[in-house]
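Order of the sequence lines fixes the chain letters, A, B, ..., with proteins taken first and strands second; residue numbering starts at 1 for each chain.
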There are 2 protein chains.
Amino acid sequence: MKEQIKDKRKAIMEAALKLFTERGFHGTSTAQISKEAGVATGTLFNYFPTKEDLINSLYFEVKGELSRSMGKEIEVQGIFKDKLKKIWSNLVRWGIENQDEFLFVGQFCSSPYITKFTRDEVMKEYVFLHKLVDEGIREGEIRDFSAELTIAMFYQSSRTVVNFILDSDSSLDENKVLEDGFQIIWRGLADK
Amino acid sequence: MKEQIKDKRKAIMEAALKLFTERGFHGTSTAQISKEAGVATGTLFNYFPTKEDLINSLYFEVKGELSRSMGKEIEVQGIFKDKLKKIWSNLVRWGIENQDEFLFVGQFCSSPYITKFTRDEVMKEYVFLHKLVDEGIREGEIRDFSAELTIAMFYQSSRTVVNFILDSDSSLDENKVLEDGFQIIWRGLADK
DNA sequence: AACATAACTGACTAATCAGTCAATTATCGA
DNA sequence: TCGATAATTGACTGATTAGTCAGTTATGTT
């Protein structure tokens with residue numbers, strides 16, 4: 001059953017995501033994941049040959065969602081700064097609305113699990129952003145630093161703001177931080 | 001023997017640091033750490049009652065080194081931008097020169113190990129930076145965003161640059177990246 | 001209904017885990 | 001040199017680990 005398959009598989013991934021962010025990768029056993037997902041231990045290994053396979057599948061899946069969210073509602077004809085701001089806001093909002101996924105990505109990226117291969121593989125999903133940055137540099141919208149450095153600073157600034165919002169108490173004005181955060185990175189990169 | 005004690009303790013911490021960055025926290029067993037350090041398994045538990053204790057001690061130790069490096073060679077009478085640049089360069093250089101420590105901190109901070117208490121505790125070591133930022137805002141050197149957000153963006157930008165340098169091939173002009181990186185964060189924060 | 005196939009189960013295993021502790025060794029002052 | 005104390009050892013334990021597999025159940029086709 002196509003439906004059934006998807007259900008169990010999804011249940012396992014959701015359980016894993018939740019537990020990984022709660023207890024870390026090695027801190028979570030496959031038995032715990034199976035239990036949380038409501039399946040037998042054997043079932044987990046039907047879908048993912050090894051635990052490492054599960055972690056990597058989860059990472060690719062989550063990164064896919066992130067990069068899809070990132071590109072949403074971009075006006076192709078809009079001005080450069082607005083496009084960049086939309087992408088940046090998309091990144092931040094995704095992080096706030098998908099805490100577990102956000103934390104999981106952070107954990108994975110600073111863990112020894114990630115290889116240069118995986119990093120490069122994921123970078124392919126950012127072609128869109130890369131092109132935009134190249135365009136921005138060519139058109140004199142942003143300064144002529146290395147595109148890779150520019151992207152890294154841009155992306156990490158969004159993560160910093162998400163972490164800042166997640167860590168702070170709820171009295172914080174989220175929209176203010178979002179505005180301020182973008183201003184900082186925009187003024188840093190903009191050529192004017 | 002004071003010397004002996006320090007030696008074994010230090011050997012354990014160094015071994016742990018190395019293996020943690022190679023294989024993660026749970027991916028490294030206390031037996032492996034003991035072996036790498038050249039001591040018996042029991043000895044490890046003389047110095048650190050539990051594995052978690054070892055991880056936390058290591059974190060505080062490393063963070064201490066970092067915050068000490070951060071403040072080095074700051075000219076008290078210098079102009080604000082130079083002081084900030086010196087701190088930023090110190091952070092980046094420390095990361096490049098202490099890769100294992102740098103990666104360990106990153107791993108710890110994005111792991112479920114870290115509690116709000118630990119984060120706050122470590123923040124106390126940044127009083128110096130906090131004061132400087134407050135001063136910068138008061139004197140109109142940098143813009144009036146929340147000091148916490150400013151510090152987070154400042155600190156994370158240095159980490160981004162270190163990661164960028166560590167990930168790239170050796171042909172990269174390190175000093176250029178260092179200059180560019182600081183320019184980005186400075187222009188982002190500066191009030192002019 | 002009858003069959004084939006795919007999905008699922010959970011008891012099981014060999015390996016490994018963090019942590020213990022009784023025995024041993026090194027270091028010290030007197 | 002002796003006796004006390006502190007540091008160190010590694011075999012050991014009960015719990016837990018990732019992963020297996022023979023058997024069971026559910027599903028789709030004819």
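Under 4.0 angstrom from either OP1 or OP2 of D:dA7 there lies no side-chain N or O belonging to B:Tyr47. Side-chain N/O atoms of B:Lys8 include none lying less than 4.0 angstrom from OP1 or OP2 on C:dA26. Under 4.0 angstrom from either OP1 or OP2 of D:dT16 there lies no side-chain N or O belonging to A:Ser29.
Distance NZ (B:Lys51) to P (C:dT16): 15 Å, rounded to an integer number of Å. Atom CZ of A:Phe48 and atom P of C:dC8 are 12 Å apart (whole Å). The interatomic distance linking B:Arg9 (CZ) with D:dA6 (P) rounds to 18 Å, in whole Å. Atoms NZ (B:Lys35) and C1' (C:dA18) sit 18 Å apart, rounded to a whole Å. One atom, CD1 of B:Ile55, and another, C1' of C:dA18, lie 12 Å apart when rounded to the nearest Å. Counting to the nearest Å, the P atom of D:dT17 and the NE2 atom of B:His26 are 10 Å from each other. Look at CD1 on B:Ile33: it is 12 Å from C1' on C:dC17, rounded to the nearest Å. When the C1' atom of D:dA18 is taken as reference, atom CG of A:Asp53 falls 13 Å away, rounded to whole Å.
Residue-to-nucleotide contacts include a donor-acceptor pair under 3.5 Å from the side chain of B:Thr41 to the base of D:dA11.
Considering only side-chain atoms of A:Val39, the nucleotide from D:dT8, C:dT9, D:dT9 that sits closest is C:dT9. Residue B:Gln32 has its side chain nearest to C:dC17 when only C:dC8, D:dA18, C:dC17 are considered. When distances run from any side-chain atom of B:Phe45 to the nucleotides D:dT8, C:dG19, C:dC8, the shortest one goes to C:dG19. For B:Ala40, counting side-chain heavy atoms from C-beta on, the closest listed nucleotide (C:dA18, D:dG10, D:dG19) is D:dG10.
No side-chain heavy atom of A:Phe102 sits less than 4.5 Å from a side-chain heavy atom of A:Val62.
Although no hydrogens or angles enter the test, the distance criterion places a donor-acceptor pair under 3.5 Å between the side chain of B:Asn90 and the main chain of B:Met70. Under a 3.5 Å cut-off, the side chain of B:Lys51 and the backbone N or O of B:Phe25 do form a donor-acceptor pair.
Among the heavy atoms of the strands lying under 4.0 Å from B:Thr28 are primed sugar atoms or P, OP1, OP2 only; no base atom is included.
With the nearest nucleotide of DNA chain D identified for both B:Gly42 and A:Gly42, B:Gly42 has the one nearer the 5' end.
Aromatic ring pairs are classed by plane angle as parallel below 30°, tilted from 30° to 60° and perpendicular above 60°; the pair B:Phe108 and B:Tyr59 is parallel.
B:Glu125 and B:Lys63 are not joined by a salt bridge, as no carboxylate oxygen comes within less than 4.0 angstrom of a charged side-chain nitrogen.
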